[in-house]
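The structure under discussion appears below in the form of structure tokens.
Throughout, residue positions are numbered sequentially from 1 according to the sequence presented.
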Amino acid sequence: MRGLGFLALFLAACAPMTAASPPTTASPVAQVQVSLVDFEFKPQAFQIAPGTSVVFKNQGQAPHTVTDSAGRFDSGTLAPGAEFRYTFQTPGTYQIYCKIHPYMTLTLRVG
């Protein structure tokens, strides 16, 4: 009987093992937040890599917009607490402003 137990243990140890596949996870999308508060974008200038999502959050008391001067996007009016998300795919310089308060500007470089 002992011989059979040893044989079963030996055969189990020699059985082919299947390697578990490593878990697949999607690479996280880069994300940056810009605050609209006190009638300015914070930060007012920065650079990101293509494919980065920017979340514009109105943290002030007044309504604002996030508008690209070249007409590529416009958030519409963002009430206090609202946010707008845009993923920048195309390299270049984006001049962004608030239609309600045109002196509010942001320069964003992608690339």
Tell me, which pairs form a salt bridge (charged side-chain N to carboxylate O under 4.0 Å, His left out) where one or both residues lie in [range], sequence neighbours left out?
range          : answer
residues 86-97 : none
residues 55-64 : none
residues 73-85 : D74-K99
residues 47-56 : none

Could you list the residues that satisfy side chain to side chain contact (heavy atoms under 4.5 Å, CB included) with [X], not counting sequence neighbours?
X   : value
A82 : L78
T90 : Y94
P50 : P91, V110

Could you tell me which residues satisfy side-chain hydrogen bond (donor to acceptor under 3.5 Å, both in side chains) with [X], sequence neighbours excluded, listed by chain and number?
X    : answer
R109 : none
Q59  : S35
T77  : none

* CE-OG1 distance between M104 and T65, expressed to the nearest 0.5 angstrom ->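 Taking CE in M104 and OG1 in T65, the distance rounds to 8.0 Å.
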
* Asked: CZ/F84 to CG/N58 distance, rounded to the nearest 0.5 angstrom?
  ->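 The CG atom of N58 is 13.5 Å from CZ of F84, to the nearest 0.5 Å.
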
* Kindly check if the number of other-residue, nucleotide or ligand heavy atoms within 6.0 Å of CD (Q89) is above 12? =>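 Count over threshold, so yes.
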
* Transitively linked via ILVMFWY side-chain contacts under 4.5 Å: Y103 with I96? ->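 Yes, one cluster joins them.
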
* To do: Could you pull out all residues at least two apart from Y97 that satisfy ring pair (Phe, Tyr, Trp, His ring centres under 6.0 Å)?
  =>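 Y97: no ring pair (Phe, Tyr, Trp, His ring centres under 6.0 Å) contacts found.
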
* Asked: Do Q31 and T52 get their side chains close enough for a donor-acceptor pair, meaning under 3.5 Å?
  ->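 Side chains of Q31 and T52: no pair found under 3.5 Å.
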
Identify every side-chain donor-acceptor pair in residues 39-48 under 3.5 Å, counting partners at least two apart or on other chains, and give the distances.
from, atom 1, to, atom 2, distance (Å)
E40, OE1, Q44, NE2, 3.0
Q47, NE2, G111, O, 2.3

* To do: Provide the closest heavy-atom pair for A62 versus H101 in the form atom of the first, atom of the second, distance.
  =>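 Taking A62 first and H101 second, the nearest heavy atoms are CB-CE1, 4.4 Å.
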
* To do: Evaluate the criterion side chain to side chain contact (heavy atoms under 4.5 Å, CB included) for residue pair T107 and Q95; output intermediate values, then yes/no.
  => CA-CA 5 Å; T107 301; Q95 298 297 329; 3.1 Å; yes

* Does some side-chain heavy atom of F56 sit less than 4.5 Å from a side-chain heavy atom of L106? ->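 Yes, at least one pair of side-chain atoms sits under 4.5 Å.
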
* Asked: Do I100 and P63 come close enough that some side-chain heavy atom pair is under 4.5 Å?
  ->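 When only atoms from C-beta onward are counted, P63 and I100 do touch, with a gap below 4.5 Å.
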
